Amino acid sequence: MPASASQFPCIARKINLIFRCPRHDFSSTLKLFTCKLSHLSSPPNSHLEILCSNGQLQEALLEMALQGLQMKFQGYDALLNVCVYQRRFREGQRVHLHMIKTFYSPPVYLNTRLIVLYTKCDCLGDARRMLDEMSERNIVSWTAMISAYSQRGYATEALNLLVEMLRSGEKPNEFTFATVLTSCPGDFGFVSGRQIHSLVIKSNYESHIYVGSSLLDMYAKQGKIHEARGVFECLPRRDVVSCTAIISGYAQLGFDEKALELFRQLLSEGMHSNYVTYASLLTALSGLAALDHGKQVHGHVFRSEIPSYVVLQNSLIDMYSKCGNLTYSRRTFDSMPERTVISWNAMLVGYSKHGMGREVLDLFKSMREENGVKPDSVTILAVLSGCSHGGMENWGLDIFYDMANGNIGVEPEIEHYGCVVDLLGRAGRVEEAFEFIQTMPIKPTAAIWGSLLGACRVHANVDIGELAGHQLLQVEPENAGNYVILSNIYASSGRWEDVRSVRQLMMENAVKKEPGKSWIELDQRLHTFHASDRSHPRREEVFAKEIELLVKLKEAGYVPDLSCVLYDVDEEQKEKILLGHSEKLALTFGLIATPEGVPIRVFKNLRICVDCHNFAKFISKIYGREVSLRDNNRFHRILGGTCSCGDYW
DNA sequence: ATAGGGTTAG
């Protein structure tokens, strides 16, 4: 009769446990299951071992006491095995003490089991003491300790220990490399990833599937995507993990199209996916704002009965909100049987980017009432920026001071200070924001000066704007957007001479601007427009429509904001350049390609320009269309000529 | 006995 889990309650329990542990997927569970069954087919040879294989730890400990110094290696082995499975630190210590009494010098493998036990129980200090005091070590003892450091983010300790191990003459194996590569922060550490890579090559582990995926992931995390791809292409065999690692590498570096393309390619080549693969794919789809694709993934995940892992649900919340569909985000959030701080953060960020300050505050309140989840620095960031985007300045300032007084359990970081500048700036308290920057304990970054500059544009504060602008041009001279905003400020107060000198400065600094692009999703296809685009097949039609719109909009009172153009050309040329902005092209295309009354959803990779924002407002008013525009900062929901951002962004 | 990929923010 074939064995089944129900015949072995202790195994069924263990498997249950492993299933709930997200670090394992089906294949490793299966491996464990088969290994346990084979263990059972050759029955244990003592009463103590039978108790252990049934998971009856307390009874086995009693047996240990009865046997006294007659205990054998196998008995300790079985006991420690159970302690590791059940993560029992105290009981493990008892076995440890007993073992010391029995043997003058226990065998290496038993000492190594103790290291494993202590690391799994999060007692790294005990594990390290064990390692240091062992008279004899083997590669497993070293690796278990290195792995414990790596997995908990103690990169320096892990790398130090690796160096110590190499000095002692021990050769790393595939396990050592797979784990230590996850601790290589970049070429700035005292051991670089490249050094370890060369060691990997020398040891002939480069095409090992675990080592290889760890290696490619390390390169991806350092931003060296080409090297990562190189390692991936050299792997003799691919599996879920290596495929997911390279896809998520592209996604995390913002190469969203690349990630999607590679996913499709690997899928057609027979790649298996699991929930991690889909979570990474969803990150890419969030960036692309590809709602239809995202829904497909959701449907697929639902149908294929992939267990509802929190991580995957979190990505779905994020995907829906970044695609502009907060209702689905919330539905996903509400349906979750358990939530982590990331689930809350993703939802808060969603409301925040849509400018829904009330909802942000309500959700934050529920979060604080919920047991078992603590706000972290991202939570506060989301709440503060939510208050700013949602026009709840005073609430936001209260929360900041609450945090600064230590009432929230999160230390203020530079980004939080940035949010305060935003809050004050939006409220028109520009002088106060400027003073705040000067009293901050941290050196202001480009983002902070940029935030102050933005406030000065909206509240027409030329003096502070000039100050902030010049600070900003010093820290971040390559960003063309900064010159444009400073130019906006000068232009609004008629200081044309200064407008010219800003333009001059921009030319001198040879600014390389990230090319602006906007896109719109129609019938599951993304239509992308670049500034002054000539590549889209319906580009002529779009441009003709723009000219027609311009006439209509001007009659309604639209005046092109020429200070958004910093090229030295005449006014007619400037108007033409403005019409070539990618978001206007995408918006106009949306207007002609979708039926009347349907909302137009446009996405842009940079911050939306003042003139385009104004253009969209007139479109929404004249054509009675809702325009939803996501820029790299937030959503603008434009309805009947007014925008949810309150013209502050 | 020891191992690799993941979600929010920037």
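In the text below, chain A, chain B and the rest are named by the order of the sequence lines, each starting its count at 1. On a predicted model such as this, the values are computed, not experimentally measured, just so you know. As a basis for the values below, the full set of heavy atoms in this structure was taken, side chains included, without hydrogen atoms, waters or symmetry mates.
Comparing atom distances between the A/Val349 side chain and each of B/dG6, B/dG4, B/dA9 picks out B/dA9 as nearest. Taking every side-chain heavy atom of A/Val240 into account, B/dG5 is the closest of B/dG5, B/dG4, B/dT2. The nucleotide whose nearest atom lies closest to any side-chain atom of A/Ala144 is, among B/dT8, B/dG10, B/dT2, B/dT2. Considering only side-chain atoms of A/Ala245, the nucleotide from B/dT8, B/dG4, B/dG5 that sits closest is B/dG5. Closest approach to the A/Val116 side chain among B/dA3, B/dT2, B/dT7 is made by B/dT2 (side chain taken as heavy atoms from C-beta onward). Side chain of A/Ser147, nearest nucleotide from B/dA1, B/dA3, B/dT7: B/dA3. Side-chain atoms of A/Leu381 lie closest to B/dA9 of the nucleotides B/dA9, B/dA3, B/dG5. Distances from the side chain of A/Lys221 to the nucleotides B/dA3, B/dG5, B/dT7 place B/dG5 closest. With B/dA1, B/dA9, B/dG5 as the candidates, the nucleotide lying closest to the side chain of A/Val378 is B/dA9. Comparing B/dT7, B/dG10, B/dG4 by their closest approach to the side chain of A/Thr179 singles out B/dG4.
The shortest distance between the side-chain N/O atoms of A/Gln151 and the OP1/OP2 oxygens of B/dA3 is below 4.0 Å. Contact annotation: A/Ser248 does not reach the phosphate of B/dG5 (side-chain N/O to OP1 or OP2, under 4.0 Å). Neither OP1 nor OP2 of B/dG6 sits under 4.0 Å from any side-chain N or O of A/Ser280. At least one side-chain nitrogen or oxygen of A/Lys322 sits closer than 4.0 Å to the OP1 or OP2 atom of B/dA9.
Between A/Arg237 atom CZ and B/dG5 atom P there is a gap of 17 Å when expressed in whole angstrom units. Atoms CZ (A/Arg113) and P (B/dT2) sit 8 Å apart, rounded to a whole Å. When rounded to the nearest whole Å, the span between CD of A/Gln222 and P of B/dG5 equals 14 Å. If you measure from atom CG of A/Asn274 to atom P of B/dT7, you get 13 Å, rounded to the nearest angstrom. Atoms OH (A/Tyr210) and P (B/dA3) sit 10 Å apart, rounded to a whole Å. Here B/dG10 presents its P atom at 13 Å from CZ of A/Arg634, a figure rounded to the nearest Å. When rounded to the nearest whole Å, the span between CD of A/Glu136 and C1' of B/dA1 equals 15 Å. Rounded to an integer number of Å, the gap from CG of A/Asn479 to C1' of B/dG10 is 15 Å.
No side-chain heavy atom of A/Val410 sits less than 4.5 Å from a side-chain heavy atom of A/Thr379.
Within the 4.0 angstrom heavy-atom criterion, no nucleotide atom of any strand lies near A/Ile246. Contact annotation for A/Glu413: no contact, since no heavy-atom pair falls under 4.0 Å across all strands. A/Ser141 comes within 4.0 angstrom of no nucleic acid atom, judged by non-hydrogen atoms across all strands. Within 4.0 Å of A/Asn138, counting heavy atoms only, lies at least one base atom of the nucleic acid. Using a 4.0 Å heavy-atom distance criterion, A/Ser343 is classed as making no nucleic acid contact.
Ring planes of A/Tyr320 and A/Tyr328: perpendicular class, angle over 60° (limits at 30 and 60°).
Of the possible polar contacts, one joining the A/Trp649 side chain to the A/Ile608 backbone as a donor-acceptor pair under 3.5 Å is found. With hydrogens and angles ignored, the 3.5 Å screen pairs no side-chain donor or acceptor of A/Lys258 with any backbone N or O of A/Glu261. Checking side-chain atoms of A/Arg87 against main-chain N and O of A/Val84 turns up a donor-acceptor pair under 3.5 Å.
Between the side chain of A/Asn173 and the base of B/dA3, no donor-acceptor pair of N or O atoms lies under 3.5 Å. Put simply, the side chain of A/Asp239 and the base of B/dG5 share no donor and acceptor less than 3.5 Å apart. The base of B/dG4 is paired with the side chain of A/Ser213 by a donor and an acceptor separated by under 3.5 Å.
When all heavy atoms are compared, the tightest approach of A/Ile317 to A/Ser343 is CD1-O, 4.0 Å.
Aromatic pair A/Phe177/A/His208: centroids not less than 6.0 angstrom apart.
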